Structures are given as C-alpha cells and as structure tokens.
2 protein chains.
Amino acid sequence: MSTHAGQAPADPAGRTDPVSPVSMSLAADPSSPAQPPAAVPAATAARLPHYLRALSDFGATVNSQDLATAAGVDAATLRRDLSRLGSYGIRGVGYDTAVLSAEISRALGAELDHRVALFGLGNLGRALAGYAGFAGRGFALVALFDVDPTVIGAALPTAAGPLQVHHTRDAATVIAAERVTIGMIAAPDGDAQSIADLLISAGIKSVLSFTSGRLDVPADVHVRQIDVGLEMQMLAFHQAHLLTPADPAEPTPQQQQRRSG
Amino acid sequence: MSTHAGQAPADPAGRTDPVSPVSMSLAADPSSPAQPPAAVPAATAARLPHYLRALSDFGATVNSQDLATAAGVDAATLRRDLSRLGSYGIRGVGYDTAVLSAEISRALGAELDHRVALFGLGNLGRALAGYAGFAGRGFALVALFDVDPTVIGAALPTAAGPLQVHHTRDAATVIAAERVTIGMIAAPDGDAQSIADLLISAGIKSVLSFTSGRLDVPADVHVRQIDVGLEMQMLAFHQAHLLTPADPAEPTPQQQQRRSG
DNA sequence: GGTTGTGAATACCTTCACAGCT
DNA sequence: AGCTGTGAAGGTATTCACAACC
C-alpha cells in the first residue's frame, strides 16, 4: 500500500487491502435511546495502532502534521480521528505524547490484559511463540496447542519463557483455566475451522488466523486473517498495473515521499 | 474482521484495517487522451485474491450469490467488482469458474512469474522460507539474505528445495542475477529501512515487510506491511468495545452467518 | 503565530433494484 | 425463469479551509 504522487498517504486497511466499510457503533442495540458514547468508525479504529506506534518516535509533544507523516496518513484525517477519542490536543501547541498514548491505548483496550492461546506449532507457530512484541503491547501468550504427539507435553520456548504444549482436544479446559481471551491459529488450513469452532464454544470472541480459507463464525466473533499469499498477490497486482501506487485500504497506512524514484 | 448481524460481510482492506481510499488508475499518465483501459479501484483490487481463493471451492460454474458468500462479500459488490475486469459472466447461468479464475489471475499479474527475495532468516524468516503457498500462487522464492555469519553460505531448506544464504551486502548483485521482482523483509525492525533502501536502489518496486515501523520509500514503490502486534491491537479494540463486529477494511473480507452465538 | 477541532465539500464505495441477456 | 451488469441512491470516509483557541 502506497499512495499517489508521493504525498498524502491514504489508507490503513491496507493490508490488503482496501477498505472496510462498516462502521461500528450504534447499530447493535435498538434500545439505547439517546446517543451512544460516540462510536469510533472502523476506518479510524484501524489507524489507531499506527498512531500509537508513530507516537514513540517523538518527544514531549507532536503536532498533527508530524505525527500524521510518521503514521502515513493525512494531517486532517489524523486530527479527525483523534478528535473522536476526545479533545486531547492543545491548540497552538499540538498533542502531549504521553497523554495521547494513554488515550489511544485505552481506546484500544490495552488495559484489559489480553491472554492469548496459540494453535499450531509448526514453523510459523514457533516463530509466533518467540515473537517478543506481545508483552510490549499488552498481550500475554499463555497457552500452546498442537495435535502432534511428539510436541505435546514438551515445554516450548516463548518470548516470555517456556510454555507447555497441550493437545488441542484439551483446549476447552485450558482456555478456561488460563482465562484466554484471544485465539491465534497457525495450524494447517484444513484444521482451522475445527479450531475456530472449538474457540467459539469456549467463548472466545477474537481470533487471529494465519490460514487461507474463510472461517465461518457467529456475528459476534471477530476474526482477522493474515494471509501472506494474499498480500503477495496484492503486490503482484500493483506490479502488473504499474499505476500510481494506490493504497488498498488495507489496514496499513503507508508511504510518504522521499527520494524520487 | 467480521460483519454485523451475521449477514453481509463488508470489507477487505481489512487487514489492517479498514479502508484504503485511494483508487488507482487514471492519475498517472496525463498524456493518455481518451479513457484508460478502465482502472480497477483499490477496494476491488483488494478483494480479487479472495474471489480467486473462493473460486476453488466450486465446480464448473458459480453464481454471484454463492461466490460472494464464500468470499465474504455482498453479491452486488462481487458482481460490480467482476464487471470491472470485463464481462465474464453469463446471464441466467453465472460465471464459468475456469474462465473467471483465469481472468482474475491475469488481473493479478499471475502470469508475470514473480521472483521473491527474502531478507532475515530468524524464526519468522525460516517459517516463510518453508511456506508452500508461494509456488501455488505464482511466486518463486529465489534468494535468501541475512547478516549472520553463521548462516551465510549455508543451504537453507525452502518449500521448493534448498537455497543458499547470501550476505545482505551482496543483495544488489544477487537480485540482478536472479531477476528478483519482490522483496520480503523479515529482519529486525531496526534493519528494515536499510534493507528497503537497498531494494529500492536495486530497482525493486514491491516490498512485503513484517516489521513494525513505517518504511520510507519513493511513491512508485509499493509496500505492504504485516504486523502481528497491530492486528492483535485491532482485535483488542473490538473486544474492548463490544459492539457489532465491524469489519475494518482491512483488506480482508470476512464472515458470514452460521451458528447463532 | 501556531495548531487544533470541525462544518462543508468532495470523492469513493456499497447497496438497491431492475433492465437486458441467455 | 434465472442471473448478470449497471444506473441511481445512500452512506462513509477523506480532504479542504477556517473559526476557535492557546
């Protein structure tokens, strides 16, 4: 995902993609009378993590222009996005990075201490287990599952220390005991749906899957999929049509200018 | 990314996010007089890979409703998307899966035989090297790079056979010799920009990075980023605001109905 | 003077609904 | 009868531009 002329970056969704249309708020409850707390549009929500990361590149304060550039979006878009979380900017000055970080983190639910279970310990699964980025962003990897008898029971190294591998069939018990809130699926494509079913019946509402097919889940379960092949196809698309690089919504704001080519 | 009430799936861009706004076509060449071949909007482009994958679930023909459901989008959206590639449907019948696959593949540039170089052979890099999905989708992994002297020169197993590891500093030469067209970065965050610089000077226009920070590249270079931590933050957001699951553009169309909760 | 927050304008995407083809 | 392709409508998101404020 890049943008046009080397200036305004557009999207996020990018990954892959472009755009996700559905906003996310008022729809659910027909009984709420007045106005719901506010409702952050999906497009904005997708950019918040980018802002949070970009914030770490700055000192005590930032103005919208600089932060937007670092995050790969338009300054006006950034200001509108942030204004949806509340008025945390100071006119004539900019944003206090500490305050803003805290507010974005709060909006992202960072204080909820999410506990993650990982299914599938092949190459990718092990790489994920070793990923150090979890703890730093408020996620704890607390359970590992696989169906291969040669790894079950073993203690696998993870970024936060070794963790014992359970059989997938015991997932319900372990998930309850470990108070898991997020499931990650790094198993073969063919096993994904049954793992998803299992997660659903265990009450998990958030799933991150690295598999390819579509997962069939109830409407209240949130699935995000990371598909390397799909991302590559998207790059191939842009390579094929050598057009002005456009950012497919994807969830990945991108680009700026710099060099000239 | 899921959708609301358990019915129409929305987005794609998803991954990450919602939406990418920029379309992609006419902008580039001010010299073309009449109408450019057409121009596929970014939102549509992001969904094409999903259609392609969904197509493999069907027999000789499919109608828009079934294919849309399988791909996680609205039937009208699918029809409009496909109509942008040309008129490959048959009224009263549906789409011929073979014809449609071929057309989508062509639009995605599948016949271009993309050659991929991978930078960084840690856990993630090795997992990617072993990823079997490349060949099947028209990508060939042809070069491996790292800076660790203990792996350089070694032959690392990949899905398509062992490949020798080169030092990153020799990338320019190897990229030219192997006619690489796509670069994948699985190195530590701090090394990403210098690798990107190197790719750019070697003439690479498409980059898929698994790092976190923003990569600074010229406007004609297309970058897609896969950031696991960011995806997790997005899940956390939805978990925090237990709203109607909305699909963040992301580049990932999703969901349908099924069970009820 | 500088910068935010936001009304208004614009662009884009999705969805409806149906004419037209098989 | 069935289904695609698309005009038109509706909704959402981005961008401009400026008033309010520090």
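By convention in this document, chain letters (A, B, ...) are assigned in the order of the sequence lines, proteins followed by strands, and residues within each chain are numbered from 1. Computed from a predicted structure; not experimentally measured.
- A sub-4.0 Å separation between OP1 or OP2 of C:dT15 and a side-chain N or O of B:T77 is present.
- For the pair A:A76 and A:G92, nearest-nucleotide mapping onto DNA chain C gives the more 5' position to A:G92.
- Side-chain polar atoms of A:T61 and A:D96 form no donor-acceptor pair below 3.5 angstrom.
- Between the side chains of A:S212 and A:D227, at least one donor-acceptor pair of N or O atoms lies under 3.5 Å.
- Taking side-chain N and O atoms only, B:R47 has a distance below 4.0 Å to OP1 or OP2 of C:dT14.
- Note on B:S87: a side-chain N or O is less than 4.0 Å away from OP1 or OP2 of D:dG5.
- Side-chain contact of A:Y95 with A:N63: a donor-acceptor pair under 3.5 Å is absent, judged by distance alone.
- A straight line from CZ of A:R79 to C1' of D:dA19 spans 13 Å, rounded to a whole angstrom.
- Note: CG (A:D66) to P (C:dG2) measures 14 Å, nearest angstrom.
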Pair A:S209-A:R224, side-chain hydrogen bond (donor to acceptor under 3.5 Å, both in side chains): steps then yes or no: CA-CA 6 Å; A:S209 178; A:R224 286 198 78 77; over 6 Å; no

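- Counting to the nearest Å, the P atom of D:dT15 and the CG atom of A:D74 are 5 Å from each other.
- The distance between atom CG of B:D81 and atom C1' of C:dT14, rounded to the nearest whole Å, is 10 Å.
- Of the candidates D:dA13, D:dC3, C:dT4, D:dC3 carries the atom nearest the B:R91 side chain, counting heavy atoms from C-beta on.
- One finds no side-chain N or O of B:Y95 lying less than 4.0 angstrom from the OP1 or OP2 phosphate oxygen of C:dT22.
- The distance from atom CD of A:Q65 to atom C1' of C:dG2 is 13 Å, rounded to the nearest whole Å.
- Contact annotation: B:S64 side-chain N/O to D:dC3 OP1/OP2 distance is not under 4.0 Å.
- Distances from the side chain of B:R84 to the nucleotides D:dT6, D:dC22, C:dT14 place C:dT14 closest.
- Atom CG in B:L85 sits roughly 10 Å away from atom P in D:dG5 (whole-Å rounding).
- The CZ atom of A:R80 sits 16 Å away from the P atom of C:dA11 (whole-angstrom rounding).
- Donor-acceptor pairing under 3.5 Å is recorded for the side chains of A:Q239 and B:S206.
- Remark: P of C:dT4 and OH of A:Y88 are 16 Å apart, rounded to the nearest angstrom.
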